[in-house]
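Heads up: numbering here begins at 1 and tracks the sequence.
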Amino acid sequence: KLRSVSVALLLDMSGSTRKVIQASGKKIIDLEKESMILFMEALEVLADEYAIYGFSSRGREHVYFYRIKDFDEKCTDVTGRRIGGVAPVANTRLGTAVRHASMKLGERDPRVKLLILLTDAKPCDYDYRERYAHEDTKIALRETRSKNINTFCITLDKEGKDFLPDLYTHNHYIVIDDINSLPEKLPNIYKNLTT
């Protein structure tokens, strides 16, 4: 039977993604970019409708939402240049980014809608700390699911096991303990989510 899937990948571009992983000598952001490329290759083969966005923030007045590839765009050299330009910026105001990505997904009309978040840390910004950041993200995810959009978080934060169950509910997240395995794991995670 024909697949009917729209997926948005939301990429964390916060400052912490510039951290270098000792085992590989690569920055987190570079492993995220490698993962994006393999993810796109898998989606092109499956012919699923997809978009890739990045986000970061500097307080509530400056939330950055980057279009790497929109749903109606073809994957071209321009997409490759945008991926090449992905770089760490500032903070992780996740609730706002989730709301904007879910609005984009809400405009699509497939049978299955999926928002995948790829992040290395818990939500945080200058004026968006601890409990407030957690609760705002939780509400944004609940609003997203109320629009019949499934959510799934892939995190590189080993402490994520402490807060992820409350944000994403049972089986809606995975903690990648070995970040170097992220590029090969992301397409397989997607396959499992949509079959």
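Between Leu11 and the options Ile68, Ile83, Thr17, a side-chain contact (heavy atoms from CB on, under 4.5 Å) holds for only Ile68.
Between Glu44 and Cys75, the shortest heavy-atom contact is OE2-CB, 3.4 Å.
Ion pairing of Asp30 with Arg18 is absent here, as no side-chain N (NZ or NE/NH1/NH2) approaches a carboxylate O to less than 4.0 Å. Using a 4.0 Å cut-off between charged nitrogen and carboxylate oxygen, Glu135 and Arg131 count as a salt-bridge pair. Under a 4.0 Å N-O distance rule, the pair Arg99/Asp136 qualifies as a salt bridge.
To the nearest 0.5 Å, atom OG1 of residue Thr194 and atom CG of residue Leu46 are 6.5 Å apart.
In this structure, a donor-acceptor pair under 3.5 Å is present between the side chains of Asp125 and Ser57. Using modelled atom types, one finds no donor on one side chain facing an acceptor on the other under 3.5 Å when comparing Tyr132 with Thr137.
Heavy atoms from other residues, nucleotides or ligands lying under 6.0 Å from CG of Asp70 number more than 12. Atom CD of Glu107 sits in a crowded spot, with more than 12 heavy atoms from other residues, nucleotides or ligands closer than 6.0 Å. Within 6.0 Å of CG on Asn192 lie more than 12 heavy atoms contributed by other residues, nucleotides or ligands.
Sorted by first then second residue, the side chain to side chain donor-acceptor pair (under 3.5 Å) pairs that include residues 77-87, not counting sequence neighbours, are Glu73-Arg82.
With contacts defined as side-chain heavy-atom distances shorter than 4.5 Å, the pair Phe55/Leu94 qualifies.
For the pair Lys69 and Tyr50, the cation-pi criterion (under 6.0 Å, within 45° of the ring axis) is fulfilled.
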Validation: residues 184-191 side-chain donor-acceptor distances under 3.5 Å, sequence neighbours left out:
{"from": "Asn188", "atom 1": "ND2", "to": "Glu184", "atom 2": "O", "distance (Å)": "3.4"}
{"from": "Tyr190", "atom 1": "OH", "to": "Asp48", "atom 2": "OD2", "distance (Å)": "2.6"}

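Between Phe71 and Tyr53, the ring-plane angle classifies as perpendicular under the 30° and 60° cut-offs.
Aromatic rings of Phe65 and His100 (six-membered ring for Trp) have centroids within the 6.0 Å cut-off, being under it.
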